[in-house]
Amino acid sequence: SLHCPLNEKTKHIIDKNSLLVMKNNVMIINTSRGALIETSCVIDALKEGKVGYLGIDVYEQEEKLFFRDLSDDIIKDDVIQRLMSFPNVLVTAHQAFFTNEALTQIALVTLGNIQELEMNNTIKNMAAQLV
């Protein structure tokens, strides 16, 4: 189960090499950041049976897919389509942040940013928001 930030050291922490040292039929759950998993490698591992189960609440290209009604659209992302074709894969649309604690923290940071902008004409969190 992945619970870590995305940075240069953790990007694709689950890749071909890390999958080679895992037990067969491993279950991987990612609720952190999509780029922690090198998706193409996990797809190969799913096909080979190395990964027995995959649960992802995040996806590298989620901004193009999640939080929008695409019911009348053709999904052009072949990778997510392939993932969703496996019966042992569960994809959710970044629901992990919909907790009372997370939403409260988002609201507090947002209100603090507005107050800081009004008082100082700058926001110290601006760089973090652009990442």
Below 3.5 Å, can you tabulate the donor-acceptor pairs from side chains in residues 38-45 to any protein atom, sequence neighbours excluded?
none

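- Considering only heavy atoms from C-beta on, Asn30 stays 4.5 Å or farther from Asp57 through its side chain.
- Atom NE2 of His3 and atom CZ of Arg33 lie 13.0 Å apart (nearest 0.5 Å).
- Tracing side-chain contacts under 4.5 Å through hydrophobic residues (I, L, V, M, F, W, Y), one reaches Leu83 starting from Val26; they form part of the same cluster.
- Among residues two or more places apart in sequence or in another chain, the side-chain contact (heavy atoms from CB on, under 4.5 Å) test is passed with Leu90 by Thr92.
- Of all heavy-atom pairs spanning Cys4 and Ser32, the tightest one is N-OG, 3.0 Å.
- Other residues sharing the hydrophobic cluster of Leu111, ordered by chain and number and joined by side-chain separations under 4.5 Å: none, the residue standing alone.
- Asn121 meets the side-chain contact (heavy atoms from CB on, under 4.5 Å) test with Leu117; sequence neighbours excluded.
- Scanning for side chain to side chain donor-acceptor pair (under 3.5 Å) contacts around Asn120 gives an empty result, with sequence neighbours left out.
- Here CG of Leu36 is found 5.5 Å from CG of Leu2. Values are rounded to the nearest 0.5 Å.
- In this structure, the side chains of Val58 and Thr31 stay at 4.5 Å or more apart for every pair of heavy atoms.
- Note that CD of Gln105 is 13.0 Å distant from CG of Asn100, once rounded to the nearest 0.5 Å.
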*Give the intermediate values and the outcome of side chain to side chain contact (heavy atoms under 4.5 Å, CB included) for residues Leu54 and Ile56.*
CA-CA 6 Å; Leu54 176 68; Ile56 56 172; 3.8 Å; yes
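- Remark: Asp78 pairs with no residue by the side-chain contact (heavy atoms from CB on, under 4.5 Å) rule, at least two apart or across chains.
- How far OG1 of Thr110 is from CD of Gln115: 13.0 Å, rounded to the nearest 0.5 Å.
- Under the side-chain contact (heavy atoms from CB on, under 4.5 Å) criterion, Met84 pairs with Ile80, Gln81, Val91, sequence neighbours left out.
- In the hydrophobic clustering, where aliphatic and aromatic side chains (Ile, Leu, Val, Met, Phe, Trp, Tyr) are joined below 4.5 Å either directly or transitively, Tyr53 groups with Met27, Ile29.
- Partners of Thr104 by side chain to side chain donor-acceptor pair (under 3.5 Å), not counting sequence neighbours: none found.
- Neither Ile106 nor Ile114 shares a network with the other; the hydrophobic side chains, linked directly or stepwise wherever heavy atoms of I, L, V, M, F, W or Y lie under 4.5 Å apart, form separate groups for each.
- Thr122 is linked by a side chain to side chain donor-acceptor pair (under 3.5 Å) to nothing, counting only residues two or more places apart in sequence or in another chain.
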Distance-only donor-acceptor pairs under 3.5 Å for side chains of residues 6-16, two or more places apart:
unit_1, atom_1, unit_2, atom_2, d
Asn7, OD1, Lys9, N, 2.8
Asn7, OD1, Thr10, N, 3.0
Asn7, OD1, Thr10, OG1, 3.4
Thr10, OG1, Pro5, O, 2.7
Thr10, OG1, Asn7, N, 2.9
Thr10, OG1, Asn7, O, 3.4
Asp15, OD1, Asn17, N, 3.1
Asp15, OD1, Ser18, N, 2.9
Asp15, OD1, Ser18, OG, 3.3

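- Between Asn24 atom CG and Lys50 atom NZ the span is 4.5 Å, to the nearest 0.5 Å.
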